[in-house]
Amino acid sequence: MQHERRDGTRAIYARLMLTTIALAVACGRGDAPAAADRGATAPPPNPIATLDTTPPSGALGASVRRGRALLTATRDSLPSHVGSALRCFSCHLDEGRRAGGLSLVGVYTRYPQYRLRRGRVDLIEDRVNDCFVRSLNGHAISVGGDDMRDIVTYLWWLARGVAVGDIVEWTAVPELATLPADTLRGARIFSESCARCHGANGEGAGVVPPVWGAKSYNIGAGLARYRMAALFVLHNMPFDKPNTLTPQQALDVSRYIDTRPRPDLAGKEYDWPTGDRPNDVPFPTHPGPTGGADTARTRAHSGAR
Ligand code: HEC
Ligand code: HEC
């Protein structure tokens with residue numbers, strides 16, 4: 001049966017991941033910076049992290065499980081929609097349940113949502129497709145299809161116990177919004193603390209995904225903004241020693257990664273159509289009251305890049 005086969009893939013993947021990480025740790029040379037130097041505090045506990053993670057039985061549970069399997073083995077399941085070597089859980093760690101790891105807990109309750117990047121109200125399906133097109137450098141999936149139905153059902157399931165309007169956020173780190181970042185220092189941190197898993201050229205290896213190059217997320221992805229990436233890196237990387245970098249180190253290494261080459265996104269200049277772009281967006285945009293929002297929407301949804 002399809003669901004069981006996919007859950008099987010998931011178990012194999014998890015085992016592979018553990019072996020690879022253990023190996024990487026065993027041969028690791030670079031060490032994370034001194035603990036005394038730490039600026040990061042661990043994010044607050046996640047409200048559903050302790051809840052049962054076994055989906056219910058029956059058709060609803062089958063949909064939850066299939067959605068989770070699609071986010072686990074995204075490329076194998078939907079090869080024509082994934083252009084990178086990433087899967088959804090490469091960034092939304094622990095199956096989307098890790099606080100501070102781009103948690104997907106409760107996200108379902110926060111859509112529809114007005115988003116400045118597109119300058120319009122997005123449904124959760126639009127947001128999922130944004131990650132397909134940008135973070136996975138792929139193509140949008142059909143909004144009315146079974147794959148989207150199961151993915152949204154999984155997101156719904158991750159929102160159990162979260163009231164509509166509740167904010168389940170990762171820790172805000174004010175320094176990440178203001179400190180300047182230095183790519184020379186970043187390059188050193190990368191070779192000391194990241195290259196042993198992600199490769200000297202950021203190309204990834206086995207279950208460790210690339211952080212730049214042709215198989216990485218594209219320039220329009222959230223993580224291509226170095227301040228956004230720094231928040232993820234601060235709390236989650238190095239994978240085996242999370243919360244050991246200082247905010248400055250997380251910023252430097254993220255800026256370094258995000259100045260390396262990666263796939264382009266056609267139509268990116270129409271992002272932030274009302275001109276409110278954050279200061280870490282790595283490309284120029286056309287500001288203006290309505291400028292280009294429709295074009296951006298059409299392009300993103302047709303998957304053209
Ligand atoms: C390269 C890393 C990366 C990958 C891979 C990725 N995402 Fe994301 N995702 C992000 C970032 C960054 C955000 C923005 C978080 C924010 O705005 O706080 C995000 C946001 C989201 C959101 C909205 C969260 C919110 O709080 O509103 C959803 C839903 C989502 N992603 C689903 C997916 C799905 C489904 C996939 C696979 C098809 C995926 N993501 C793959 C990085 C990634
Ligand atoms: C012990 C191995 C290991 C080390 C060291 C490590 N990572 Fe990772 N990293 C991973 C794994 C594994 C994932 C994907 C997790 C998953 O698929 O569940 C990941 C995911 C990522 C991602 C999101 C997905 C992608 O590839 O774009 C980024 C960004 C990232 N790491 C950056 C870093 C940075 C920066 C450092 C150094 C400070 C670092 N990593 C150190 C193993 C490692």
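Counting starts at 1 for both ligands and their atoms, following the listed order.
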Chemist: With backbone taken as N, CA, C and O and side chain as the heavy atoms from C-beta onward, which portion of Tyr111 lies under 4.0 Å from ligand 1: side chain, backbone, both, or neither?
Modeler: side chain
Chemist: Quick check on contacts: which atoms of ligand 1 are under 4.0 angstrom from a heavy atom of Ser135?
Modeler: 1 (C), 3 (C), 4 (C), 5 (C), 6 (C), 7 (N), 42 (C), 43 (C)
Chemist: Among residues two or more places apart or on two chains, list those pairs meeting salt bridge (charged side-chain N to carboxylate O under 4.0 Å, His left out) that have a residue in residues 220-233.
Modeler: Arg225-Asp280
Chemist: Hey, does Phe89 sit under 4.0 Å from ligand 1 if you only count heavy atoms?
Modeler: no
Chemist: Just to be sure I'm reading this right: ignoring hydrogens, which of Ser84, Gly67, Cys88 gets closest to atom 36 (C) of ligand 1? Compare them by their nearest heavy atoms.
Modeler: Cys88
Chemist: Just let me know how Pro210 lines up against ligand 2, side chain, backbone, both or neither, with a heavy-atom cut-off below 4.0 Å.
Modeler: backbone
Chemist: Check whether any N or O atom of Arg87, backbone or side chain, sits under 3.5 Å from an N or O atom of ligand 1, and answer yes or no.
Modeler: no
Chemist: Is any N or O atom of Ser216, backbone or side chain, closer than 3.5 Å to an N or O atom of ligand 2?
Modeler: no
Chemist: Can you see whether Gln248 engages Asp252 through a side-chain donor-acceptor pair at a distance of less than 3.5 angstrom?
Modeler: yes
Chemist: Between Asp130 and Arg118 (salt bridge meaning N to carboxylate O under 4.0 Å), is one present in this structure?
Modeler: yes
Chemist: With a 4.0 Å cut-off, would you call Asp147 and Arg66 a salt bridge?
Modeler: yes
Chemist: Have a look at ligand 1 and work out which part of Leu136, if any, has a heavy atom under 4.0 Å from it: side chain, backbone, both or neither.
Modeler: side chain
Chemist: Applying a heavy-atom cut-off of 4.0 Å, say which part of Arg196 lies close to ligand 2: side chain, backbone, both or neither.
Modeler: side chain
Chemist: Mind checking whether Leu245 has a heavy atom under 4.0 Å from ligand 2?
Modeler: yes
Chemist: State which residue, out of Asp271, Asn129, Asn218, fulfils the side chain to side chain donor-acceptor pair (under 3.5 Å) condition with Arg134.
Modeler: Asp271
Chemist: Could you confirm whether Cys91 has any N/O/S atom lying under 2.8 Å from atom 8 (Fe) of ligand 1?
Modeler: no
Chemist: Does Met237 bring an N, O or S atom to within less than 2.8 Å of atom 8 (Fe) of ligand 2?
Modeler: yes
Chemist: Can you find a non-hydrogen atom of Phe190 under 4.0 Å from ligand 2?
Modeler: no
Chemist: With a heavy-atom distance limit of 4.0 Å, tell me whether Leu93 approaches ligand 2 through its side chain, its backbone, both, or neither.
Modeler: side chain
Chemist: Where does Ser90 meet ligand 1, judged by heavy-atom distances below 4.0 Å: at the side chain, the backbone, both, or neither?
Modeler: neither
Chemist: Please determine whether Cys197 has a backbone or side-chain N, O or S atom lying under 2.8 Å from atom 8 (Fe) of ligand 2.
Modeler: no
Chemist: Among Arg127, Glu125, His81, which one has a heavy atom closest to atom 19 (C) of ligand 1?
Modeler: Arg127
Chemist: State, to the nearest 10 degrees, the angle whose vertex is atom 8 (Fe) of ligand 1 and whose arms point to SG of Cys131 and NE2 of His92.
Modeler: 180°
Chemist: Would you mind telling me if ligand 1 is within reach of the side chain of Asp130, the backbone, both or neither, using heavy atoms under 4.0 Å?
Modeler: neither
